[in-house]
Amino acid sequence: MPDSILPAPLVDLAERVIIANRRAGRTIAVAESCTGGLVSAALTEIAGSSEVFEAGFITYSNDMKNELLKVSQDVIETFGAVSIATAWAMAQGALNKSHANVAVAITGIAGPGGGSEQKPVGTVVFARAERGGNPDKVVADMHHFGDTGRGGVRLQAALCALELLLPDSPAP
């Protein structure tokens with residue numbers, strides 16, 4: 001079997017996520033925007049991942065965030081697609097559309113264009129939601145990875161999202 005086409009650190013971390021969640025008896029889902037399925041690809045690279053990884057939603061457009069994950073148009077228009085409010089709604093939507101115990105959402109600006117003074121290229125927002133958790137307790141954060149190139153931003157975002165899927169990971 002050929003080696004993975006994905007970077008080794010990504011696959012290694014995905015394997016840790018699968019093993020740790022299997023031990024914890026948790027299933028996971030992801031809602032991806034700027035990573036375009038990179039997190040899902042890393043998770044499914046691991047043999048036996050189907051025991052843990054339940055669903056991946058790639059909602060690149062705002063319309064699909066609204067239609068598939070039920071992110072309110074008001075949230076997107078008020079706070080923007082790259083915001084804690086949108087990421088949180090995406091994570092909640094992934095939980096609501098799946099049977100997973102935990103979901104992580106990623107939305108950001110990978111570049112090379114699309115940034116602004118307030119949200120420059122390399123800005124990525126993460127959110128984690130847990131089934132049965134308090135929906136008023138928002139677990140989300142914004143990271144600035146810098147303009148390291150589209151691939152660099154996406155890789156750093158995927159690594160951060162995988163870290164958030166570890167059962168013992170702190171809030172972002």
Side-chain angles (χ1 to χ4, degrees), residues 10 13-40 42-44 46 49-110 118-119 122-145 153-154 156-172:
L10 192 62
L13 183 52
E15 185 173 39
R16 281 183 44 217
V17 167
I18 295 298
I19 290 168
N21 280 285
R22 183 182 297 128
R23 283 188 188 138
R26 293 190 338 169
T27 56
I28 59 178
V30 296
E32 300 183 68
S33 186
C34 68
T35 49
L38 190 55
V39 177
S40 297
L43 290 167
T44 57
I46 309 307
S49 60
S50 61
E51 297 171 32
V52 173
F53 181 52
E54 184 172 296
F57 302 90
I58 303 168
T59 54
Y60 209 66
S61 74
N62 291 343
D63 286 345
M64 288 298 102
K65 286 175 182 67
N66 175 259
E67 190 174 319
L68 294 178
L69 298 176
K70 304 304 180 199
V71 177
S72 159
Q73 279 302 122
D74 288 343
V75 166
I76 293 171
E77 289 171 12
T78 301
F79 301 102
V82 180
S83 66
I84 286 176
T86 295
W88 178 243
M90 289 171 65
Q92 290 291 330
L95 274 186
N96 292 336
K97 291 288 186 175
S98 72
H99 303 287
N101 301 108
V102 64
V104 166
I106 312 104
T107 183
I109 305 162
Q118 295 79 22
K119 295 176 187 174
T123 301
V124 183
V125 183
F126 302 89
R128 182 180 65 220
E130 297 189 32
R131 188 165 305 284
N134 181 346
D136 295 330
K137 183 182 177 220
V138 175
V139 181
D141 199 17
M142 183 178 290
H143 292 257
H144 300 282
F145 295 115
V153 171
R154 293 177 71 231
Q156 290 305 311
L159 289 166
C160 190
L162 286 168
E163 286 282 345
L164 288 173
L165 286 168
L166 289 168
D168 55 356
S169 77

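- Arg22 is linked by a salt bridge (Lys or Arg N to Asp or Glu O under 4.0 Å) to Glu51, counting only residues two or more places apart in sequence or in another chain.
- Taking all atoms of both residues into account, the shortest heavy-atom contact from Gly122 to Val153 is CA-CG2, 3.9 Å.
- Taking OG1 from Thr78 and CD from Gln73, the interatomic distance works out to 10.5 Å, rounded to the nearest 0.5 Å.
- Exactly one of Val30, Leu95, Thr107 qualifies for a side-chain contact (heavy atoms from CB on, under 4.5 Å) with Met90. That residue is Thr107.
- The two residues Leu69 and Ala94 come nearest to each other via the heavy atoms CD2-N, 3.8 Å.
- Residues Ile58 and Gly37 share a closest heavy-atom pair of CD1-CA, 3.5 Å.
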Side-chain polar contacts of residues 81-88 - donor-acceptor pairs under 3.5 angstrom, sequence neighbours left out - could you list them?
| from | atom 1 | to | atom 2 | distance (Å) |
| --- | --- | --- | --- | --- |
| Ser83 | OG | Gly80 | O | 2.8 |
| Ser83 | OG | Thr86 | N | 3.1 |
| Ser83 | OG | Thr86 | OG1 | 3.1 |
| Thr86 | OG1 | Gly80 | O | 2.7 |
| Trp88 | NE1 | Pro135 | O | 3.4 |

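- Under the rule for a side chain to side chain contact (heavy atoms under 4.5 Å, CB included), the partners of Ala14 that lie at least two apart in sequence or sit in another chain are Ala42, Leu43, Ile46, Leu162.
- Taking CD of Glu130 as the start and CD1 of Ile28 as the end, the distance is 12.0 Å to the nearest 0.5 Å.
- For the atom pair OG1 (Thr123) and NE2 (His143), the distance works out to 11.5 Å, reported to the nearest 0.5 Å.
- Here Met64 pairs with Thr59, Ser61, Glu67, Leu68 under the side chain to side chain contact (heavy atoms under 4.5 Å, CB included) rule; sequence neighbours left out.
- In this structure, Phe57 has no ring pair (Phe, Tyr, Trp, His ring centres under 6.0 Å) partners at least two apart in sequence or on a different chain.
- Phe145 approaches Cys160 most closely through the heavy-atom pair CZ-CB, 4.3 Å.
- For Glu163, the salt bridge (Lys or Arg N to Asp or Glu O under 4.0 Å) test picks out no residue, with sequence neighbours left out.
- If you take NE2 on His99 and CZ on Arg131, they are separated by 8.0 Å, rounding to the nearest 0.5 Å.
- The side chain to side chain contact (heavy atoms under 4.5 Å, CB included) search around Ser72 returns Asp74, Val75, not counting sequence neighbours.
- Judged as a side-chain hydrogen bond (donor to acceptor under 3.5 Å, both in side chains), the pairs with a partner in residues 23-38 (not counting sequence neighbours) are, in order, Asn21-Arg26, Thr27-Asn101, Glu32-Thr35, Glu32-Ser40, Ser33-Lys65.
- The nearest pair of heavy atoms linking Ala127 to Ala91 is O-CB, 3.9 Å.
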(Q) Assess the residue pair Val124 and Cys34 against the criterion (side chain to side chain contact (heavy atoms under 4.5 Å, CB included)); give the C-alpha distance rounded to whole Å, side-chain angles, the decisive distance to 0.1 Å, and a yes or no. (A) CA-CA 8 Å; Val124 183; Cys34 68; 4.1 Å; yes
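- Under the 3.5 Å distance criterion, the side-chain polar atoms of Arg128 are left unmatched by any main-chain donor or acceptor of Val102.
- Looking only at side-chain heavy atoms (C-beta outward), Leu10 and Leu38 come within less than 4.5 Å of each other.
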